[in-house]
2 protein chains.
Amino acid sequence: MKEAPDIHIAALLERIGRLLASDAQANGLLPVHWETLRYLDRANRFSMTAAALTAYLGLTKGTVSQSLNSLETKGLVRKRVDLRDRRSKRLSLTAEGKALLKNDPLLLTSQAINALSPSAKDALADSLQTFLSQRLATQDRQAFGQCRDCRYFARRHEKGKPFFCQLLQEPLNESDSLSICYEQQPA
Amino acid sequence: MKEAPDIHIAALLERIGRLLASDAQANGLLPVHWETLRYLDRANRFSMTAAALTAYLGLTKGTVSQSLNSLETKGLVRKRVDLRDRRSKRLSLTAEGKALLKNDPLLLTSQAINALSPSAKDALADSLQTFLSQRLATQDRQAFGQCRDCRYFARRHEKGKPFFCQLLQEPLNESDSLSICYEQQPA
DNA sequence: TCCTTTGGTAGCGAGTCGAAACTTTTTAGA
DNA sequence: TCTAAAAAGTTTCGACTCGCTACCAAAGGA
């Protein structure tokens with residue numbers, strides 16, 4: 001590996017992407033379904049909507065609506081109307097949905113990662129994260145980073161709800177601070 | 001980035017894969033079409049068949065057959081029956097197909113890669129290559145590596161055709177040695 | 001009040017994709 | 001040599017994604 005032209009790395013990323021996508025056709029679910037379940041598992045309460053999911057996946061509203069219908073029919077996702085904004089519906093994983101994530105085909109991929117050396121892993125994670133941010137920024141798409149890395153994230157030093165979102169004016173707990181957020185803007 | 005758990009890296013890879021796939025819907029072509037054009041551009045003469053492409057993409061024969069028909073109708077790919085083995089058809093890119101590769105959406109990705117430091121690039125290429133080989137091996141799938149990295153690759157020190165394939169008993173030139181091959185087995 | 005924006009749905013058409021059945025050609029075995 | 005199995009591709013079918021357009025209802029301004 002004496003040379004590493006950019007186009008070669010790009011081709012590797014694309015090829016690996018396809019490989020993972022074809023692995024993801026497990027348990028009768030399609031790749032986009034797995035992505036949806038993972039998103040709902042990791043997103044905070046402000047981001048559990050079809051609109052946020054649409055932005056995350058980079059698809060159109062109609063497509064996402066259909067996928068969610070399919071997942072709801074399968075009993076993996078639940079939709080409830082938001083009482084504050086009655087246009088919106090709040091999404092959540094059902095117990096079945098959460099259970100299914102234990103069989104996430106991504107765990108297979110995770111094992112192949114395990115074969116890398118610790119330093120290679122760190123470097124890989126760094127590079128991929130940088131690349132992803134870069135790529136999303138050039139398309140004016142949200143980063144969906146962790147809450148705690150957001151410019152609106154503040155510490156209040158209170159028990160139970162030690163953090164605070166200055167954008168939504170909402171208290172945050174430890175778990176919130178680790179979730180990914182639709183509104184997140186890197187500090 | 002103090003921690004880099006395997007599952008996190010796996011999720012990054014999957015997310016980036018989807019991102020690239022949605023970019024790849026350019027020029028009216030679908031992601032799998034671009035992958036096909038790129039494959040035919042990089043494969044050696046022993047690997048320009050639907051069967052090899054099927055193994056490369058990890059899809060079924062039927063699906064690939066349909067994709068190729070679509071590309072042939074668009075005038076990007078040509079099919080000709082192989083005179084030695086009349087079951088087989090030899091694929092090739094048309095002039096239009098080669099020209100279209102100049103607009104490969106992968107070039108966009110390539111630019112985002114460019115933002116990384118040289119050392120990060122090298123590390124990234126290494127890690128991705130290792131990961132890909134690992135992943136393909138566990139599924140008993142071919143590596144599709146470069147001809148010159150194959151255990152059947154030999155040097156003959158003759159002009160014009162300086163190399164030789166000990167598996168297919170065929171002379172190879174410089175260009176052959178750089179192509180990816182269906183039969184390739186890492187040395 | 002009117003008008004725009006936002007969140008979501010419904011229907012359409014194109015096309016992937018897997019599965020299975022099928023044709024033709026090649027190869028291996030008795 | 002005859003025959004059976006394997007290999008290369010094609011075709012058809014059904015399920016589903018995905019973009020697109022049109023649509024509806026709620027929210028927010030001017």
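Chain letters run A, B, ... following the sequence lines, proteins first, then strands; residues in each count from 1.
At whole-Å resolution of the value, OH in A:Y182 and P in C:dG8 are 9 Å apart. For A:Q66 and D:dC20, the CD to P distance is 14 Å, given to the nearest whole Å. The nearest whole Å value for the distance from the CG atom in B:L53 to the C1' atom in D:dA8 is 13 Å. The distance between atom CD of A:E35 and atom P of D:dC18, rounded to the nearest whole Å, is 10 Å. To the nearest angstrom, P of C:dT5 lies 17 Å from CG of A:D85. Whole-Å rounding puts the A:E183 CD to C:dT6 C1' distance at 13 Å. Counting to the nearest Å, the C1' atom of D:dC18 and the CG atom of A:L30 are 12 Å from each other. Between the CG atom of A:L71 and the C1' atom of C:dG8 there is a distance of 16 Å, given to the nearest Å.
Between A:N69 and A:R18, it is A:N69 whose nearest contact on DNA chain C lies nearer the 5' terminus. Each of A:M48 and B:L59 lies near DNA chain C, and the nucleotide nearest A:M48 is the one positioned closer to the 5' end.
Across all non-hydrogen atoms, the minimal contact from B:M48 to B:L40 is CE-O, 3.5 Å.
In this structure, A:R15 and B:L136 have side chains that are in contact, with non-hydrogen atoms separated by less than 4.5 Å. Under the 4.5 Å side-chain criterion, counting only non-hydrogen atoms from C-beta, A:R151 is not in contact with A:L167.
At a threshold of 4.0 angstrom between heavy atoms, the contacts of A:T54 with the nucleic acid are absent. Using a 4.0 Å heavy-atom distance criterion, A:D82 is classed as making no nucleic acid contact. Residue-level contact check: B:L68 touches neither bases nor backbone, having no heavy atom under 4.0 Å from any strand. Nucleic acid contact for A:R84: sugar-phosphate only, since backbone atoms but no base atoms lie under 4.0 Å from a heavy atom of the residue. If you check every strand for non-hydrogen atoms under 4.0 Å, A:V64 touches nothing.
Out of C:dT25, C:dT6, C:dG18, the shortest distance to the side chain of A:R87 is found at C:dT6. Considering only side-chain atoms of B:K89, the nucleotide from C:dT26, D:dG9, D:dT17 that sits closest is D:dG9. Closest approach to the A:A50 side chain among C:dC17, C:dG8, D:dT17 is made by C:dG8 (side chain taken as heavy atoms from C-beta onward). Of the candidates C:dC17, C:dT26, C:dT9, C:dT9 carries the atom nearest the A:S65 side chain, counting heavy atoms from C-beta on.
The side chain of A:S88 contributes an N or O atom lying less than 4.0 Å from OP1 or OP2 of C:dG8. A sub-4.0 Å separation between OP1 or OP2 of D:dC16 and a side-chain N or O of A:H33 is absent.
For A:R86, the CZ atom is loosely surrounded, since the number of other residues' heavy atoms within 6.0 Å does not exceed 12.
Judged by distance alone with a 3.5 Å cut-off, a donor-acceptor contact links the side chain of B:T63 to the base of C:dG18. For B:K61 against D:dG9, a side-chain-to-base donor-acceptor contact under 3.5 Å is present.
Taking the six-membered ring for Trp and thresholds of 30 and 60 degrees, B:Y56 and B:F144 have ring planes more than 60 degrees apart, a perpendicular arrangement.
Placement of A:V32 and A:L106 in two distinct hydrophobic clusters is found when ILVMFWY residues are connected by side-chain heavy-atom separations under 4.5 Å, directly or transitively.
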